[in-house]
Amino acid sequence: MHTKPIIGISGCLTGSTVRFDGGHKRMGFVMDELSQWVTFKPICPEMAIGLPVPRPALRLIQTTEGDIRMRFSHAPHDDVTQKMVKFADSWLPQQANLSGFIVCAKSPSCGMERVRLYDEKGNRGRKEGVGLFTGALLEKFPWLPVEEDGRLHDPVLRENFVERVFALHELNTLRENGLTRRALLEFHSRYKLQLLAHHQPGYREIGPFVASLHEWEDLDTFFVEYREKLMTILKNPASRKNHTNVLMHIQGYFRNQLNTRQRGELRDVILHYRDGLLPLLAPLTLLNHYLGEYPDSYLLTQNYFSPYPENLCLRLTVN
């Protein structure tokens, strides 16, 4: 098992000159910061089906029958749809160890959303397509964290993606080490506060499901359902309101240890975060300080305090 999460990535985003025009779309955050903590697995689907660099631009064509085809812009009858489908069908089943994927926005191969569609006469249509390769990826691995390069400039979406990557990596590691009921219960226990920060209804729904673990004979079947439920909850970006509720909940663990001044100071920092005056890192730093002074066996297990490497500094900017 790899000690680092493995993330698939559109080759052009790593700086490789594989785009149709011979260029690239290198992402600074990805290659200069995130690369220290993950292993990237680059792929350019268009080159993988044998297309050269440079090459004519491809488009997604919506036929009169409603089908989506991938064709060259300069030769609208030169269709490479089946080549791309065949490649995806052969390559994707070998990627079960992925913990995430970063795709190139607007690409007819890799775009995750809002890819321009054209009609068979070359007229521009709506931006409502999905790249053929990424569409197959999402269908094959619906639980997988997938994001576009452009969306990762948003601090909230960036933090959410990285958090999901490391959560899935830990879950995959648990499976490869051999599933046990105890390991699954301990994993879920570590993620309770994190799930509560992301989606309270989902948190309440997954609890009884985990409690029924003793009724499952096949742990791998349970794992598959649990993975989908967990990743669906984490896909909801944690809101300022939900974070505040979790922070207040954690504060309650120290009510007997802190004096009146300390309790008031902690409450003020949490409320200032709630009101947008401080980043999330501020109340978390203070709570971590008190956790060091007054250790609590439950809180010390919670992944909420450190869901990914702190050196990524994502909580300095996230809501």
Side-chain angles (χ1 to χ4, degrees), residues 5 7-10 13 25 27-38 99-106 110-114 127 130 134 138 142-171 191-203 206 229-250 269-288 302-319:
I7 299 181
I9 185 170
S10 296
L13 302 180
K25 291 182 66 179
M27 290 191 67
F29 166 73
V30 166
M31 299 312 298
D32 299 333
E33 299 176 49
L34 188 57
S35 61
Q36 301 175 50
W37 305 101
V38 306
S99 296
F101 214 111
I102 303 174
V103 297
C104 179
K106 303 179 182 179
C110 295
M112 188 180 76
E113 62 180 19
R114 295 178 53 78
K127 293 182 178 180
V130 176
T134 297
L138 295 170
W143 63 87
L144 189 70
V146 179
E147 270 297 355
E148 291 185 330
D149 56 319
R151 285 168 52 91
L152 287 178
H153 291 295
D154 182 310
V156 173
L157 295 180
R158 175 186 293 189
E159 197 254 0
N160 178 257
F161 173 74
V162 172
E163 182 180 347
R164 288 186 286 143
V165 163
F166 279 90
L168 182 56
H169 174 63
E170 184 180 352
L171 193 59
Y191 276 79
K192 281 187 174 181
L193 294 182
Q194 199 166 335
L195 293 173
L196 188 60
H198 280 266
H199 193 243
Q200 293 187 31
Y203 168 82
I206 201 172
K229 291 178 182 294
L230 177 84
M231 300 312 294
T232 297
I233 294 171
L234 293 179
K235 191 174 182 179
N236 296 279
S239 67
R240 190 181 294 273
K241 178 181 177 181
N242 283 350
H243 271 308
T244 300
N245 288 338
V246 171
L247 295 169
M248 289 292 193
H249 178 72
I250 296 171
V269 170
I270 293 174
L271 293 180
H272 285 159
Y273 160 72
R274 182 198 65 183
D275 296 338
L277 302 176
L278 290 173
L280 177 60
L281 187 61
L284 281 175
T285 299
L286 190 53
L287 285 168
N288 268 312
Q302 289 303 295
N303 202 62
Y304 177 76
F305 289 100
S306 186
Y308 43 74
E310 292 181 1
N311 287 357
L312 287 170
C313 300
L314 298 179
R315 281 178 163 171
L316 281 172
T317 55
V318 75
N319 288 339

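Position 1 is the first residue of the sequence, and the numbers go up from there.
- By the side-chain hydrogen bond (donor to acceptor under 3.5 Å, both in side chains) test, Asp275 is found to be paired with no residue, residues two or more places apart in sequence or in another chain being considered.
- When the side-chain hydrogen bond (donor to acceptor under 3.5 Å, both in side chains) test is applied to Glu147, the partners found at least two apart in sequence or on another chain are Arg151.
- Shown here are the side-chain hydrogen bond (donor to acceptor under 3.5 Å, both in side chains) partners of Arg274, two or more places apart in sequence or in another chain: there are none.
- Separation of atoms CZ (Phe29) and CG (Asp149) is listed at 13.0 Å; rounding is to 0.5 Å.
- To the nearest 0.5 Å, the span separating CG on Leu316 from CG on Leu281 amounts to 5.0 Å.
- The side chain to side chain contact (heavy atoms under 4.5 Å, CB included) with Glu163 is formed by just one residue from the set Leu234, Leu168, Asn303; it is Leu234.
- In this structure, the side chain of Arg158 engages the main chain of Leu152 through a donor-acceptor pair within 3.5 Å.
- Nearest heavy atom pair, residue Pro283 against residue Leu247, reads CG-CD1, 3.7 Å.
- Annotation: side chain of Met231 is in contact with side chain of Pro145 (closest heavy-atom distance under 4.5 Å).
- Atom-to-atom distance recorded for Glu159:CD and Cys313:SG is 12.0 Å, nearest 0.5 angstrom.
- By the 4.5 Å heavy-atom criterion applied to side chains, Thr285 and Val269 are not counted as neighbours.
- Remark: Lys229 engages Glu205 in a salt bridge (Lys or Arg N to Asp or Glu O under 4.0 Å) (not counting sequence neighbours).
- Tyr191 is linked by a ring-ring contact (aromatic ring centres under 6.0 Å, His included) to Phe187, counting only residues two or more places apart in sequence or in another chain.
- With sequence neighbours excluded, no residue forms a side chain to side chain contact (heavy atoms under 4.5 Å, CB included) with Pro142.
- Put simply, the side chain of Leu312 reaches to within 4.5 Å of the side chain of Val162, judged on heavy atoms.
- Qualifying side chain to side chain contact (heavy atoms under 4.5 Å, CB included) partners for Lys106, counting only residues two or more places apart in sequence or in other chains: none.
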- Task: Dump the intermediate steps for side chain to side chain contact (heavy atoms under 4.5 Å, CB included) on Leu171 and Leu230, then the final yes or no.
- Result: CA-CA 10 Å; Leu171 193 59; Leu230 177 84; 3.9 Å; yes
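- Using a 4.5 Å heavy-atom cutoff, the side chains of Trp37 and Phe166 are in contact.
- The environment of CD in Glu310 is sparse: at most 12 heavy-atom neighbours from other residues, nucleotides or ligands sit within 6.0 Å.
- Under the rule for a side-chain hydrogen bond (donor to acceptor under 3.5 Å, both in side chains), the partners of Gln200 that lie at least two apart in sequence or sit in another chain are Asn242.
- Ile7 places a side-chain heavy atom less than 4.5 Å from the side chain of Leu34.
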- Message: Is there a side chain to side chain contact (heavy atoms under 4.5 Å, CB included) between Tyr273 and Leu284? Walk through the geometry before answering.
- Response: CA-CA 10 Å; Tyr273 160 72; Leu284 281 175; over 6 Å; no
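- Note that OG of Ser35 is 9.5 Å distant from CD1 of Ile9, once rounded to the nearest 0.5 Å.
- A donor-acceptor contact shorter than 3.5 Å links the side chain of Ser10 to the backbone of Cys104.
- The side chain to side chain contact (heavy atoms under 4.5 Å, CB included) check on Tyr203 picks up Lys192, Leu195, Leu196, with sequence neighbours excluded.
- Atom CG of Leu271 is separated from atom OG1 of Thr244 by 8.0 Å, given to the nearest 0.5 angstrom.
- The line from CG of Leu138 to CE of Met112 is 7.5 Å long, rounded to the nearest 0.5 Å.
- The heavy-atom pair separating Ser306 from Arg315 by the smallest distance is N-NH1, 4.4 Å.
- Residues forming a ring-ring contact (aromatic ring centres under 6.0 Å, His included) with His272 (at least two apart in sequence, or on another chain): none.
- In this structure Tyr304 satisfies the ring-ring contact (aromatic ring centres under 6.0 Å, His included) test together with His243, sequence neighbours excluded.
- Every side chain to side chain contact (heavy atoms under 4.5 Å, CB included) that His249 has, sequence neighbours left out, goes to Leu193, Tyr253.
- Closest approach of His199 to Ile233, counting heavy atoms only: CB-CG2, 4.0 Å.
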